[in-house]
Amino acid sequence: MMNSTIKFLIFFFSVTTAQPLKGQNQLIFADQRLAIVYPIIQKFKNIISADPLGITKTWVGPNICNYTGFYCESPPDNNSAIALASIDFNGFQLSALTLDGFLDQLPDIAIFHANSNNFGGTLSPKIANLPYLYELDISNNQFFGPFPSPILGMNSLNILDIRFNSFTGSVPPQLFTKDQLDALFINNNNFMQMLPDNIAISHVTYLTLANNRFFGPIPHSISKILSSLSEILLLNNLLSGCLPYEIGFLNEAIVFDAGNNRLTGPLPFSLGCLENVEMLNFARNQMYGIVPDVICALGNLANLSLSDNYFTGFGPICLRLIENGVLDLRNNCIPGFPFQRSIAECVAFLAYPRYCPHMATYTYIPCSLSNFKTPPLDLPELAP
């Protein structure tokens, strides 16, 4: 039986005779796994159309572990081997029409970061066959088309970042039920859909949906969907309807940003239960009513943005926030207050009766606050 050394030398000979380097007759690799990916890297190098930082000048010779952006480790299946385990192209400004034939051909890759380049096209279905890939970041590139469905078949994926691209259509509901997925960043694309019903059983800890075209109401299940998140970013979508009082159960929230949507109705008193929140943003919506003092009394609040709505008043605690520059109520309908909408605008909006379902919930405080108390809520009213 031919021993492993002879096999290895034959493999090297086949690689080097197929793709010799100028001035060299042979390439000696530290491990056979590196020899396998060498021609894949060189082929990808040849299709890169722009490299303003000269990154690919280092992609020469057999020492792949020293290439800029390439990192080697022992693979999970062999602690004594050396393999290409991680790629970090963040900020390299490389340009290529596609990653097909490169990313999907790296059998030991575990981490692939390519933020802020000019890669485009779609993702190959073959990426679902990469057994170790658990971090995929292709944010801030030129990818387009529908959500890359091969991602659904990646059982090891823990972090997915596809923000700042041009993906369109809807996000497959199966994405939110992937057990291993911990962080999901899909903001700044062109996804257009209602929030999927099964998002309520998602295991995701970090989720950003901002700057898309999600529409419809914020679901009452939001406290189940986002209860563990510290930053809830729903801004710049097409969300509509009235706020559910269940927002008050988002106990971990430090930032809740739903600015620039089509939300309407009053602010629920339950927002006064967000004891950790530092920033609340409902600016540029169609909200109205009185700004509740229970919200302005939040101890950690540093920024409360309610501009460009149709609020008609506020309480004494809120006045202190205005004086301190914490509360922004510009361009509303508050009589005698500076920088408000015109009377004609306010009359045109407020002249028609407006109604939110479950109105009893808007003055209900679902937590214990010494200075603010409300009667118990008849929860059966919320039954669909």
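Worth knowing before you read on, the calculation uses all heavy atoms, side chains too, and leaves out hydrogens, waters and symmetry mates. A quick note: this is a predicted structure, and the numbers were derived from the prediction, not measured. Quick note: residue numbers are just sequence positions, from 1.
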Chemist: Can you tell me how the ring of Phe337 sits relative to the ring of Phe314, calling it parallel under 30°, perpendicular over 60° and tilted otherwise?
Modeler: perpendicular
Chemist: Just checking Tyr310 against Phe349, ring centres under 6.0 Å apart?
Modeler: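 Yes, the ring of Tyr310 comes within the 6.0 Å limit of the ring of Phe349, centre to centre.
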Chemist: Does any donor atom in the side chain of Ser307 or Asn331 lie under 3.5 Å from an acceptor atom in the other side chain?
Modeler: no
Chemist: What closest approach, in Å, do Val294 and Leu369 show between heavy atoms, and which atom pair accounts for it?
Modeler: CG2-CD1, 3.6 Å
Chemist: For residues Tyr206 and Phe185, establish whether the separation of their ring centroids is below 6.0 Å.
Modeler: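 So the answer is no for these two rings.
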Chemist: Would you check if the distance from the ring center of Phe102 to the ring center of Trp59 is below 6.0 Å?
Modeler: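 Phe102 vs Trp59: aromatic centres not under 6.0 Å.
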Chemist: Does any N or O in the side chain of Asp51 come within less than 3.5 Å of the main-chain N or O of Thr56, such that one atom is a donor and the other an acceptor?
Modeler: yes
Chemist: Using only atom types and a distance under 3.5 Å, with no angle test, would you say the side chain of Arg213 pairs donor to acceptor with the backbone of Asn189?
Modeler: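 Not a single qualifying donor-acceptor pair exists.
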Chemist: Working to the nearest 0.5 Å, report the span between CD of Gln105 and CG of Asp100.
Modeler: 9.5 Å
Chemist: Should the ring pair His358 and His220 be called parallel, tilted or perpendicular, given that the plane angle runs from 0 to 90° and is split at 30 and 60?
Modeler: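 Geometry flag for His220 against His358: perpendicular rings.
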Chemist: Is the backbone of Ala253 close enough, under 3.5 Å, to the side chain of Asn276 for a donor and an acceptor to pair up by distance?
Modeler: no
Chemist: Without hydrogens or angle criteria, can the side chains of Ser305 and Asn303 be said to hold a donor-acceptor pair below 3.5 Å?
Modeler: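 A pair is found: one side chain offers a donor N or O, the other an acceptor, under 3.5 Å apart.
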Chemist: On the 0 to 90° scale, with breaks at 30° and 60°, tag the Phe167-Phe191 ring pair as parallel, tilted or perpendicular.
Modeler: parallel
Chemist: Are any side-chain N or O atoms of Asn141 and backbone N or O atoms of Phe119, one a donor and one an acceptor, separated by less than 3.5 Å?
Modeler: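 Looks like yes, one N/O pair under 3.5 Å.
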Chemist: Scan Ile40, Ile48, Asn46 and name whichever one has a side-chain contact (heavy atoms from CB on, under 4.5 Å) with Phe44.
Modeler: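 It is Ile48, the one option of Ile40, Ile48, Asn46 that forms the side-chain contact (heavy atoms from CB on, under 4.5 Å) with Phe44.
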Chemist: Under the 3.5 angstrom rule, does the side chain of Thr208 hit a backbone N or O of Ala210 as a donor-acceptor pair?
Modeler: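 Checking the backbone N and O of Ala210 against the side chain of Thr208, no donor-acceptor pair under 3.5 Å is found.
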Chemist: Where the side chain of Asn190 meets the backbone of Thr168, is there a donor-acceptor pair that is under 3.5 Å apart?
Modeler: no
Chemist: Kindly say whether Arg163 contributes a backbone atom to a donor-acceptor pair with the side chain of Asn140 at under 3.5 angstrom?
Modeler: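 A pair under 3.5 Å: no.
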Chemist: Under 3.5 Å, is there a donor-acceptor pair linking the side chains of Asn281 and Asp257?
Modeler: yes
Chemist: So does Arg33 pair up with Asp108, basic N to acidic O under 4.0 Å?
Modeler: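 Yes, this pair counts.
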Chemist: Taking the six-membered ring for Trp and the single ring otherwise, decide whether the centroids of Phe282 and Phe256 are under 6.0 Å apart.
Modeler: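 Aromatic pair counts; centres sit under 6.0 Å.
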Chemist: What I want to check is whether the side chains of Asn211 and Asn187 have a donor and an acceptor closer together than 3.5 Å.
Modeler: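 Judged by distance alone, the side chains do not pair up.
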Chemist: Do any N or O atoms from the side chain of Glu73 and from the backbone of Leu84 form a donor-acceptor pair under 3.5 angstrom?
Modeler: no
Chemist: Would a distance-only check, ignoring hydrogens and angles, find a side-chain to backbone donor-acceptor pair under 3.5 Å from Asn212 to Leu209?
Modeler: yes
Chemist: Kindly check if the number of other-residue, nucleotide or ligand heavy atoms within 6.0 Å of CG (Leu97) is above 12?
Modeler: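 Result for CG/Leu97: open.
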